[in-house]
Amino acid sequence: MSAALEIRITLAGAERVVAGGTTAGEALAADGRTVIAAKINGEPRDLATLVADGDIVEPIAIDSEEGRAILRHSTAHVMAQAVQEIFPGARLGIGPPVENGFYYDFDVEQPFTPDDLKRVEKRMREIVKQGQTFARRAVSDEAAREELAAEPYKLELIGLKGGADAEESVEVGGGQLTIYDNLDPKSGELCWKDLCRGPHLPSTRGIPAFKLMRSGGAYWRGSEKNPQLQRIYGTAWESRDKQDEYLKRLEEAEKRDHRKLGAELDLFSFPTELGSGLAVFHPKGGVIRRIMEDYSRRRHEEAGYSFVNTPHITKENLYQISGHLDWYADGMFPPMELEGARYYLKPMNCPMHNLIFRSRGRSYRELPLRLFEFGTVYRYEKSGVVHGLTRVRGMTQDDAHIYCTRDQMRDELKSLLRFVLALLRDYGLDDFYLELSTKDPVKFVGTDEDWEEATETLREVAESERLELVLDPGGAAFYGPKISVQARDAIGRTWQMSTIQLDFNLPERFELEFQGADGSRQRPVMIHRALFGSIERFFGVLVEHYAGAFPPWLAPVQVIGIPISEAHVSYLGDVAKKLRERGIRVEVDSSDDRMQKKIRNAQKAKVPFMLLAGDEDIAAGAVSFRYRSGEQKNGVPVEQAIAEIVDAVERRVQV
RNA sequence: GCCGACGUAGCUCAAUCGGCAGAGCAACGGUCUUGUAAACCGUAGGUCAGGGGUUCGAUUCCCCUCGUCGGCUCCA
């Protein structure tokens, strides 16, 4: 370290000269509350870091993404300290910041109870109030091992540090190990310490708002072969307001939960008699599903798809040919033995579509051949992962397989991606990004050249759509790379929707061939593609996206007639008849509830249009609209009202 | 599959420290005939998820199974 009296640094783009021994915090005139750390030469560092000649120093604000990560990481430390004080036997795992919060893993005798979390949170508040300082200290590997002798998981991390596949973590980086000491601000006494790369807030007092959220089991280093630790999740924010906003968002998401809305709106249920992950759709959900499917069918027809149907069960040989039994047997329902053969419920449609392809000789003139099916598949999802409609054991995929030549592949993929995005937009999703999943270096079949070509083609096609493209290295299925379309919903959550996968492998395994113009036999390329993914899942996503308030074209009941009194029922009956003739799903509430109650019921059912009629409307040959917003429009001539409704349905707009 | 919590009427939720299970909404029957989010009265509804155990007695305590929820792992 140079003992220069003056050093030159670059601060906010401008050169400055400071005295030797100046810290980044001093140089930035940071208060430790709004500016909580510094970026020195692009690396996040503590404010207490001494700046050196030539350093480029920038502030990290607590309300920046990086700043919040530091805040959350420091909060994780406070939590770990509190946990170890209350549960002295608790051994430390890892404790990184994550999106919207942080967690820390602990090896404890007993899993945490909600009551334990309260105690930990209480102790954390005391630590925050006390204002313990975070002090960084470099240690040698040997010294760290000695200091952390009682922390077996930390020792393991130290051991990993130098390894060939050195993973970056918040505990250990590639180089020098550091330990952060939490010191009493008055006495300077050591309160707690943790192996950590940092940086940290200067003081625990700089944590403006935090809350412990939940606890649960988590495998050490993410592998189910390892022991299970207990993880506590928390959140922390730069202000109380920001935290309240976040908690509000969570509440809002909860209100949209499709499982809750599905029951409330009488759309679907999971009868326990059927078994976990098997849904039944009630009439109201059934209508929505039918409309979704009908519209999709129509669009596929227009786009040149052929419709096929295949059974739900097959002899095992098919999945031996396809290779699914090699890779996914664990995820399939166990076989049924009959007549000396083993039958499996189908987990994938593609092998059956391949059989259709090869049922006779194929000509290049037939390509691209696009086979489409609403194919129901069954997968044995592990009991802990089944989740509403988004993770089920029986589902219907809107599955298509496109067989084409290598020359056609690029254009076919381009138009396919455009088709997929257009259709998703019609269902009301319009904020997308694409994800390109590439070869898993371990789990793959086929040649590197094929993968290379397929991946590059997909990349090119994805880029041609000018949507944000995120890479997912190693995320592909064993038989080929894929593009997935991720959609952001009404409250900004992202859902994986459509997938488009290139496959050079299955055509090989099924020995698919077509005859080219020159008479030679050639192998087609296969494109797998599910647009909704599964209808069930897509249905669930739409419920959440619309918070149950479907646009008129999808709404199970589009119009409900509400008579002011019983005398007006038949008039509304006539209006309803006219609407029905125009294909509108309409009901008249002729129950003996009062009008106000009927409005309340229709409102709760999220019916897009309420048509009220009383003496005044009847005299004018009119009806009065009430919309979901509560807004009303009185005395609308019947024909005009019908036109408005039909128009909204036909244009598939939200109202 | 693993860790944890939970399961009371169709729904939301009470109560019973082991002693005949209770309310609102919904349903059904009646009265009322109404102008933009809940009229009034009444009736019915439960093997307290299922099975086993402990006990004079179990919805309550214990065990198993099923299911749900929150995590982890997995997701063709």
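- His387(A) comes within contact range of the sugar-phosphate backbone alone, with a heavy-atom separation under 4.0 Å but no base atom that close.
- Among the atoms of the strands shown, only primed sugar atoms or phosphate atoms (P, OP1, OP2) are found under 4.0 Å from some heavy atom of Thr272(A).
- Among the atoms of the strands shown, only primed sugar atoms or phosphate atoms (P, OP1, OP2) are found under 4.0 Å from some heavy atom of Arg259(A).
- The side chain of Ser276(A) has G67(B) as its nearest neighbour among G67(B), A37(B), G35(B).
- With P as the reference atom, G24(B) and A39(B) are 16 Å apart, rounded to whole Å.
- Considering only side-chain atoms of Lys604(A), the nucleotide from A76(B), A39(B), A37(B) that sits closest is A37(B).
- Within the 4.0 angstrom heavy-atom criterion, base atoms lie near Arg626(A).
- If you check every strand for non-hydrogen atoms under 4.0 Å, Phe478(A) touches nothing.
- In this structure, A38(B) makes no Watson-Crick or G-U wobble pair, since no nucleotide meets both defining distances under 3.5 angstrom.
- The side chain of Ile599(A) approaches A37(B) more closely than any other nucleotide in the set G35(B), A37(B), G70(B).
- Distance check on atom P: U34(B) versus G29(B) gives 23 Å, rounded to whole Å.
- Contacts of Tyr380(A) with the nucleic acid, taken as non-hydrogen atoms under 4.0 Å apart, involve only primed sugar atoms and P, OP1 or OP2.
- Taking the side chain of Arg379(A) as heavy atoms from C-beta on, and the options A76(B), U73(B), U36(B), the nearest nucleotide is A76(B).
- Atom NZ of Lys211(A) has 12 or fewer neighbouring heavy atoms from other residues, nucleotides or ligands inside a 6.0 Å radius.
- On the C1' atoms, U54(B) is 31 Å away from C13(B), given to the nearest whole Å.
- As a whole-Å value, the separation of Gln501(A) CD from C75(B) C1' is 12 Å.
- Taking atom C1' on both nucleotides, C62(B) is separated from A23(B) by 32 Å, rounded to a whole Å.
- In this structure, Arg72(A) fails the cation-pi test against Phe102(A), since its NZ or CZ atom is not both closer than 6.0 Å to the six-membered ring centre and inside 45 degrees of the ring normal.
- Taking the ring centroids of His528(A) and Tyr479(A), they lie under the 6.0 Å cut-off.
- If you measure from atom CD1 of Ile321(A) to atom P of A76(B), you get 22 Å, rounded to the nearest angstrom.
- Residue Lys443(A) is classed as a sugar-phosphate contact, given heavy-atom separations below 4.0 Å to backbone atoms only.
- Here the side chain of His324(A) is nearest to one of U33(B), A76(B), G35(B), namely A76(B).
- With distances taken from any side-chain atom of Lys597(A) to the nucleotides C74(B), A38(B), G71(B), the minimum falls on A38(B).
- Gln596(A) comes within 4.0 angstrom of the backbone, heavy atoms only, and of no base.
- Nucleic acid contact class of Arg594(A) (heavy atoms, under 4.0 Å, all strands): base.
- Among the protein residues, Pro111(A) comes within range of the sugar-phosphate backbone only, with heavy atoms under 4.0 Å from sugar or phosphate atoms but none that close to a base.
- As rounded to the nearest Å, C2(B) and U65(B) have P atoms that lie 10 Å from one another.
- For Lys633(A) and Phe625(A), the positive end sits near the middle of the six-membered ring, less than 6.0 Å away and at most 45° from its axis.
- Heavy atoms of Gly630(A) sit nowhere under 4.0 angstrom from any nucleic acid atom.
- Comparing the P positions of A26(B) and U68(B) gives a spacing of 29 Å, expressed to the nearest Å.
- Nearest to the side-chain atoms of Pro347(A) among the listed nucleotides A76(B), C72(B), U34(B) stands A76(B).
- The residue Met595(A) sits close only to the backbone: its heavy atoms come under 4.0 Å of sugar-phosphate atoms, none of a base.
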